[in-house]
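Notes for the one structure printed next.
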Amino acid sequence: MSVNEKFSAIRKGLLEFLVLQIISAEKVYVADILKQLSATEFATQEGTLYPLLSRMRREGLLDYEWKESEAGPPRKYYELTAKGREQLRETLEYWGQINGTVKKLGLK
Amino acid sequence: MNKVITINLGGNAYQLEEGGYDALRAYLETAAAKLLGNPDRDEILSDIELAIAEKFRALLASHKTVVETKEVAAVLAEMGPIEAEPGEAASSGARAAGATSGTGGQKTTGGKAAESSGSPRRLYRIQEGAMIAGVCNGIAAHMNIDPTLVRLAFVLLTIFWGTGLLVYVVMAIVVPEARSPEEKAAASGFPATAQEFIRRAKEGYYEAMKGFPDRKARREWKRQFKREMRAHADQWRFNWHSYWAEHAPIHPGMGFVLPFLSLLQGAATVVWICAIISLLATGAVFGLALPANVPAWVAALLLLIAYGILVGPLKFARRACFYSLGRPRWAWSFVFFMDGVVWFVVIVALLWLAARYSPELHDAIHSFPAFVHQAADDIRAWWHGK
């Protein structure tokens with residue numbers, strides 16, 4: 001089993017926080033999020049992203065507004081709520097801790 | 001030469017080759033089945049439809065108006081399979097299998113409609129099986145509880161504060177009646193029926209209606225369609241009953257417990273009637289005097305409520321037994337009817353015997369008008385004293 005395969009579950013879990021981070025920068029719609037993720041290890045598809053975004057919205061982490069697009073149907077633009085920002089801050093802090101632990105353990 | 005099918009995605013028409021239409025339909029049906037039990041199901045499905053619409057739009061130009069089968073396949077591959085969120089997957093395999101009919105490709109309600117309603121369930125009045133205007137029936141379907149409970153709540157509200165009647169009248173005027181199959185499905189929010197109704201209504205009904213040029217044939221078809229819908233509802237009810245039969249907490253053979261439960265309920269009723277009689281005749285319940293400041297009519301109401309609480313679970317258990325019998329519907333209607341007749345006869349016989357042989361009851365019946373007057377006077381005094 002390659003490292004890539006071993007990390008598939010972890011990547012799945014981390015996706016939510018990456019989405020938080022992407023949305024924290026600016027208002028985006030799903031194609032933007034997919035594009036930003038596509039060049040990374042976290043490349044994903046609409047089929048995964050829409051259920052995730054719906055759950056995050058239900059948990060109060062993000063909100064959306066409809067915007068007309070010049071071509072095609074209107075789009076949902078997502079932005080973070082205060083709760084979402086707080087969660088992102090906590091996550092980054094926790095991620096820092098984990099990173100530190102990974103680097104420190106086993107060293108003398 | 002390929003057949004082309006026009007579909008509506010998010011308010012815009014798209015023309016797909018037949019093979020592409022089938023693939024899209026299969027994709028949406030799988031998505032609908034996978035999202036069963038997800039509270040955001042409708043919203044996610046409409047998001048997905050919009051995303052697909054946008055991808056189709058990008059493929060088309062003025063000289064190219066049809067999305068080809070292989071293009072649909074490419075778009076669907078790009079979308080990727082719908083991944084159910086952990087913990088929000090279908091709650092039971094049996095239900096998932098029953099509702100895989102899914103949303104049809106031809107959704108006439110666009111993404112915006114799904115967005116504005118938010119939840120698939122709406123409050124409507126339901127005329128089928130209604131007592132008056134279907135308000136209680138609609139509320140019961142909306143909250144997925146027994147209509148009798150809602151009616152009881154309204155009656156109690158009317159007795160205690162008179163507000164029940166007012167609320168009922170206002171709701172009868174304000175709440176819309178469920179007329180179309182979609183509205184009826186939305187009123188109860190049962191996914192399987194809703195999906196099936198919507199699918200049939202949108203695909204079969206309107207499609208076929210267009211094909212009938214003369215009115216007579218159309219009317220005949222309409223009649224047949226209604227019959228079919230009714231048959232479907234019956235089928236659904238039957239499925240539900242068999243589900244009960246399989247999953248009832250009681251063994252099927254326990255249907256024989258039924259008469260005992262009936263007897264128990266009968267005993268409770270007799271005790272209750274005796275208590276009321278003793279209250280009316282002597283002002284005390286079985287020799288237990290009421291506290292000085294509690295009027296007799298309050299005690300009678302309390303007795304009524306206590307009776308309801310005691311008999312409610314018994315009724316429920318009896319119903320579960322009925323379901324576990326797993327009989328066809330007419331058989332149960334008969335059983336229920338006979339049950340009612342037997343009860344009526346027992347109570348009338350009891351009253352007759354008591355009135356004939358018990359001077360106490362005789363007195364009680366005579367004092368009943370005075371009792372009602374007392375209650376009315378007390379309420380009036382309380383109202384003016386406020």
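Side chains included, hydrogens not; waters and symmetry mates left out as well; all remaining heavy atoms used. Please read these numbers as outputs of a predicted model, since none were measured by experiment.
- Remark: A:Y94 OH is loosely packed, at most 12 non-hydrogen atoms of other residues, nucleotides or ligands lying under 6.0 Å away.
- Atoms OH and CG, from A:Y50 and B:L45 in turn, are 12.0 Å apart once rounded to the nearest 0.5 Å.
- Residues A:Q45 and B:M79 come closest through the heavy atom pair CB-O, 3.1 Å.
- Summarising the local packing, NZ of B:K64 is surrounded by more than 12 heavy atoms from other residues, nucleotides or ligands at distances under 6.0 Å.
- Nearest approach of A:T48 to B:E83, heavy atoms of both residues: OG1-CG, 3.6 Å.
- With salt bridges taken as basic N to acidic carboxylate O contacts below 4.0 Å, one links A:E46 and B:K55.
- Contacts with chain A (heavy atom to heavy atom, under 4.5 Å) involve no residue of residues 66-74 of chain B.
- The pair B:D40-A:R55 does not meet the salt-bridge criterion, since no charged nitrogen lies less than 4.0 angstrom from a carboxylate oxygen.
- Counting only heavy atoms from C-beta outward, the side chains of A:L53 and B:E43 never approach each other to under 4.5 Å.
- The two atoms that bring A:P51 and B:I82 nearest to each other are CG-CG2, 4.2 Å, heavy atoms only.
- Closest approach of A:S54 to B:I44, counting heavy atoms only: OG-CG1, 3.1 Å.
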